[in-house]
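Counting starts at 1 for both ligands and their atoms, following the listed order.
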Amino acid sequence: MARELLLEVKNLHVIYKADDETVYAVNGVNLSLNKGETLGLVGETGAGKTTAALSVLRLLPERVSQITEGAIFFEGADLTQLPESKMCQLRGQHISMIFQDPMTSLNPIRTVGDQIEEALLLHKKSLSKEETADRVDEILELVGISKTRKGDYPHQFSGGMKQRIVIAIALVCEPKLLLADEPTTALDVTIQAQVLELMRGLKEKLATAMILITHDLGVVAQSCDHVAVMYAGEIIEVGRAYDIFKGQNHHPYTIGLFGSLPDMAKNSSRLSPIAGLMPDPTNLPKGCKFHTRCPRRMDICTSEMPPKAVDGSHIIQCHLYGTK
Ligand code: SF4
């Protein structure tokens, strides 16, 4: 199948303003995603993953946040320039988001059927009443919940079922792009595996492209075609899943992420976390943002931004690799 570009994020910068401080949350992110593909966006909490995703949907908190630079092209149109009325047509219909916590994503006083139906009533006005009801039944069955339960309220479902309902809401209009922000973090491992399997199946059935935000590299290995590693608002390594999991060269931060995972083959009693903390986003260091924690730091790292070493689709931003 020929690859067709769906989303292209170019040099995206996002800030938050709080009192007298400016938080530099996203600092020059470049990403691209083809139709039907899955990109894993990984990194520690506070790396800017959710902010980057919310920027695509233009759902950043009003007044305190701002896209200061860059562009986000979706099917050729720059989302940062679209009027709000156009964004309302895109949200839920062509681009959907699954949020981390299903408890706070669902409305407790409306039935799940009503909540799934809402997106159809907004975006698929040509459907008759019967067709809309059939579509709600169909998507419920697709996510493994009996259609007889569409009159129930969120509190009548378990955590895993609630997350399935959130997925049903996100997918009912068959979006071209799904942004899934830690969709399985609030779930136990058994339910997590079920939900991931469900999302993989639905993605294939509906040919939906997906950005999967997670700090769980195991989830990425199971689900993604490409992986982007984020640190302090920058993409410091990006490539095919094969490049990230099996490739020879890596950014020291990526090596640290893998090193902090338990290795079943080794009989070690302790994990090896990355030393130190993410830098203060209101006062980011000069040069490489990772230099305060990097075991391979050189003098140049503290003063000069690292270049991007490009090897096919595998890109590493680090002085160790120079510019290829
Ligand atoms: Fe470490 Fe320098 Fe590479 Fe940054 S640029 S990751 S400090 S070696």
Side-chain angles (χ1 to χ4, degrees), residues 9-15 22-32 39-52 68-70 211-218 220-221 224 226-263 268 270-324:
V9 178
K10 283 187 165 176
N11 193 30
L12 182 70
H13 287 72
V14 184
I15 58 166
T22 302
V23 174
Y24 296 91
V26 173
N27 305 302
V29 160
N30 293 292
L31 282 175
S32 58
L39 171 78
L41 197 52
V42 300
E44 289 166 281
T45 302
K49 308 183 297 291
T50 300
T51 298
T68 52
E69 219 182 311
I211 295 182
L212 178 60
I213 298 171
T214 180
H215 55 255
D216 188 331
L217 289 166
V220 171
C224 298
H226 300 270
V227 183
V229 184
M230 254 187 118
Y231 184 80
E234 293 175 354
I235 305 281
I236 48 93
E237 181 167 355
V238 62
R240 295 169 303 154
Y242 183 87
D243 298 324
I244 306 297
F245 285 92
K246 300 274 184 205
Q248 281 198 326
N249 293 333
H250 293 295
H251 190 283
Y253 177 65
T254 312
I255 294 170
L257 278 185
F258 278 99
S260 54
L261 293 175
D263 185 345
S268 54
R270 296 187 77 88
L271 296 176
S272 314
I274 304 168
L277 295 171
M278 186 99 69
D280 176 359
T282 65
N283 184 24
L284 290 168
K286 272 178 78 177
C288 170
K289 310 270 186 304
F290 187 57
H291 81 249
T292 52
R293 305 168 76 185
C294 181
R296 302 189 65 185
R297 180 182 59 219
M298 301 171 283
D299 286 345
I300 191 175
C301 306
T302 59
S303 56
E304 285 187 30
M305 271 289 282
K308 286 182 177 151
V310 181
D311 183 5
S313 58
H314 189 196
I315 302 172
I316 305 174
Q317 188 172 316
C318 174
H319 284 297
L320 285 174
Y321 301 103
T323 315
K324 283 187 201 164

In the protein, what heavy atom is nearest to [atom], and what distance, to one decimal place, separates them?
atom: atom 5 (S) of ligand 1; result: His319 N, 3.3 Å
atom: atom 3 (Fe) of ligand 1; result: Cys318 SG, 2.3 Å
atom: atom 8 (S) of ligand 1; result: Arg296 O, 3.5 Å
atom: atom 6 (S) of ligand 1; result: His251 CE1, 3.4 Å

query: Which atom names give the shortest non-hydrogen contact between Ile244 and Gly239, and what distance separates them?
result: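 Closest approach of Ile244 to Gly239, heavy atoms only: CD1-N, 3.9 Å.
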Taking every non-hydrogen atom, the tightest pair across Ile235 and Asn30: CG1-O, 4.0 Å
- prompt: So, does Lys49 use its side chain to make a donor-acceptor pair with the main chain of Gly43 at under 3.5 Å?
  reply: yes
message: If we ignore hydrogens and angles and just use 3.5 Å, is the side chain of His314 paired with the main-chain N or O of Asp311 as donor and acceptor?
response: no
So, taking the atom named [atom1] in [X] and the one named [atom2] in [Y], what distance separates them when rounded to the nearest 0.5 Å?
X: Met230; Y: Glu237; atom1: CE; atom2: CD; result: 14.5 Å
X: Thr254; Y: Asp243; atom1: OG1; atom2: CG; result: 11.5 Å
X: His251; Y: Arg296; atom1: NE2; atom2: CZ; result: 11.0 Å

Using a 4.0 Å cut-off to any heavy atom of [X], which atoms of ligand 1 qualify?
X: His291; answer: 7 (S)
X: Cys288; answer: 4 (Fe), 5 (S), 6 (S), 7 (S)
X: Cys301; answer: 2 (Fe), 5 (S), 7 (S), 8 (S)

task: Mind checking whether Gln317 contacts ligand 1 via backbone (N, CA, C, O), side chain (CB onward), both or neither, at a 4.0 Å heavy-atom cut-off?
output: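 Looking at Gln317 and ligand 1, no heavy atom falls under 4.0 Å.
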query: Does Cys294 bring an N, O or S atom to within less than 2.8 Å of atom 2 (Fe) of ligand 1?
result: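 False for Cys294.
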